[in-house]
Amino acid sequence: MPLLEVKGLEKSFGGLKAITDLSFSVPEGQIFSIIGPNGAGKTTLFNLLTNIYKPTKGSIFFNKKDITKLPPFKIAALGISRTFQNLQVFMNMNVVENVMVGCHLRSKSGLFASAFRLPSVIAEEKRVRDMALEALEFCGLKDYSSQPASALPYGILKKLEIARALASKPRLLLMDEPAAGLNDTETMELCRLIEAIRDSGITVLLVEHNMGLVMEISQTVLVLNYGRLLAKGSPRDIQKNPEVIAAYLGEG
Amino acid sequence: MKRLLGFYIFSFITLVLPILFPDNYYVTVVGLTVLINISLAVSLNLLMGYAGQISLGHAAFFGLGAYSSAIFTIKYGFNPWTAIFFGLLIVFLLSYILSRPILKLKGHYLAMATLGLGIIVHIFFVQADEITGGPDGISGLPTLSIFGFPIDTDLKWYFIFAIFMLITVLLSLNIADSRAGRALSAVHGSEIAAQMMGIDTAKVKSHIFVFSALIACIAGSLFAHQQNFVSPESFSFFFSIELVTMVVLGGLGSTFGAVVGAFILSILPELLIVFEDFEVLIFGAILMTIMIFLPDGLFVAIKNKIAFLAFKRSQKEVANATS
């Protein structure tokens, strides 16, 4: 049974169709990659899935539930989390606090209880910190926990976003170009990390330009071109597909 | 204990000052202004510093609290505490209804909308003279009493203001270090990421807007009773700007930053009186100098500097220990 199902999705910005009649489904437990040339609509697709953009047409089902019109914070509550292509780390906080925000859905103290620091808040605070440290350890960031986010290098911030997303214990994790800007060693580490995330039972939807990484770890690859589905299949099939080769190398 | 160490020291100083200097002009007269301004700046910082939502109309809620107390006690003969309660109710409803549409706006547009709110409320104070007494205001508020003890001297008012201010500071410190506070900082840091972490950003912003308005409202009621008099001047657009300046001067996002900013901005004009005609000029020059050289705000810049020095020292100790 698919975890995520997209049916006839369409998005146009004015006259420009960024996504055209796109349908696909993501089975649970996979690393499912979306590739395509620049401007193919990959990030737009992510923004549609999380309803940061409203689709022009079509519908999205997560775990059989229609999420097409839900606001992003409700989609998150159902178990979808994501990282961003252009980092969206909370630079005004330190590392562990960033990840503690990720635990928002797994805790519940409101403004009033927090302001008066009721006993329940103190207990929850400790629990949330432990959950955050666990996520940091999973991503190999425990040593950075008390550092301000603004002082950290790019590679660490990329991992921090992953830790923050994992802290919400999602069922589906959308990763938007996690390897962009990373060196070879960091990319290798990232490969292992993504596999570990999948092995922990989280389905991963990956947008990535690094073909080595995509082909190595994905079970399914979907190719987008000009907002349309060009091909879908195993990494091996995709590498042999003539249309995909043409789209990437230019038609001769 | 360690978390609130600064707060305990600050409370001690605040409460001991009037015992040591009960007749000092700077404690019992200027001190009252300082205390009320600190409460207001700290409450504004919740919205501006934590959640990153500017408000140029904070004085409106301060004024509504003051006018509610004056109108309900004098025109309707309510008990002062009942009047404060009604003031809170009005401000609660008004701020709650306005919060969602206003806080949908961002940046300059939010500034414009809150500015408009401040000005409209001020115009209401000036123009609706049948209710508000117009430009002359309303005088003769009854004395406020707590459990039968009348608050009738400046020294007593000092303690009331001080306790109110300390509670405000404590609530603000508590919020900073909590799930609610982190949600606000997340909205400040990246609204999209905050939503993806499951934060209902519209709700969080609206709650803090209301909370901060309610604190300003109580401050207004206390202020009105202490002054015995309300007039529109105290709640003008200029006062809203002054509050914003306090928060920025001390350091956006830091509770004690707001405290320091409010303290300096309230006490500096008093100290500069000796310069007579050049008072305002020097005042402006000092503010500009601070903001040019310490753009993070006075308190935050100093705090960061100390943290940096402590970090360097610990590095040195590690180096010494290993060599």
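Letters A, B, ... are given to chains in the order of the sequence lines, protein chains preceding strands, and every chain is numbered from 1.
- Interface residue A:V101: backbone and side-chain heavy atoms are both found under 4.5 Å from chain B.
- Comparing B:G189, B:S190, B:S178 by how many heavy-atom pairs each has under 4.5 Å with chain A, the most go to B:S190.
- Taking the six-membered ring where the residue is Trp, the centroids of B:F256 and B:F7 are separated by 6.0 Å or more.
- You'll find the ring centres of A:F24 and A:F32 inside the 6.0 Å limit.
- For A:F112 and A:F116, the distance between ring centers is under 6.0 angstrom.
- When heavy atoms are compared at a cutoff of 4.5 Å, B:L173 does not approach chain A at all.
- Residues B:F263 and B:F299 keep their aromatic ring centres 6.0 Å or farther apart.
- A salt bridge does not link A:E208 with A:K42: none of the charged nitrogens is closer than 4.0 Å to a carboxylate oxygen.
- Looking at A:M93, the atoms closer than 4.5 Å to chain B (heavy atoms on both sides) all sit in the side chain, from C-beta outward.
- Chain B forms the most heavy-atom pairs under 4.5 Å with one residue out of A:A76, A:A115, A:P72, A:P170, and that residue is A:A115.
- The part of A:I52 that comes within reach of chain B is its side chain, from C-beta onward, which places non-hydrogen atoms under 4.5 angstrom from that chain.
- Taking 4.0 Å as the cut-off between side-chain N and carboxylate O, B:E191 and B:K205 count as a salt-bridged pair.
- Interface summary for chain B: among A:S109, A:A77, A:S81, the most heavy-atom pairs under 4.5 angstrom belong to A:S109.
- With a 4.5 Å cut-off on non-hydrogen atoms, A:S107 touches chain B through its backbone and its side chain both.
- Contacts with chain A were tallied for B:A180, B:S172, B:G198; B:G198 has the most, counting heavy-atom pairs under 4.5 Å.
- Under a 4.0 Å N-O distance rule, the pair B:R182/A:E97 does not qualify as a salt bridge.
- Considering only heavy-atom pairs separated by less than 4.5 Å from chain B, the leading option among A:M91, A:E161, A:E124, A:H104 is A:H104.
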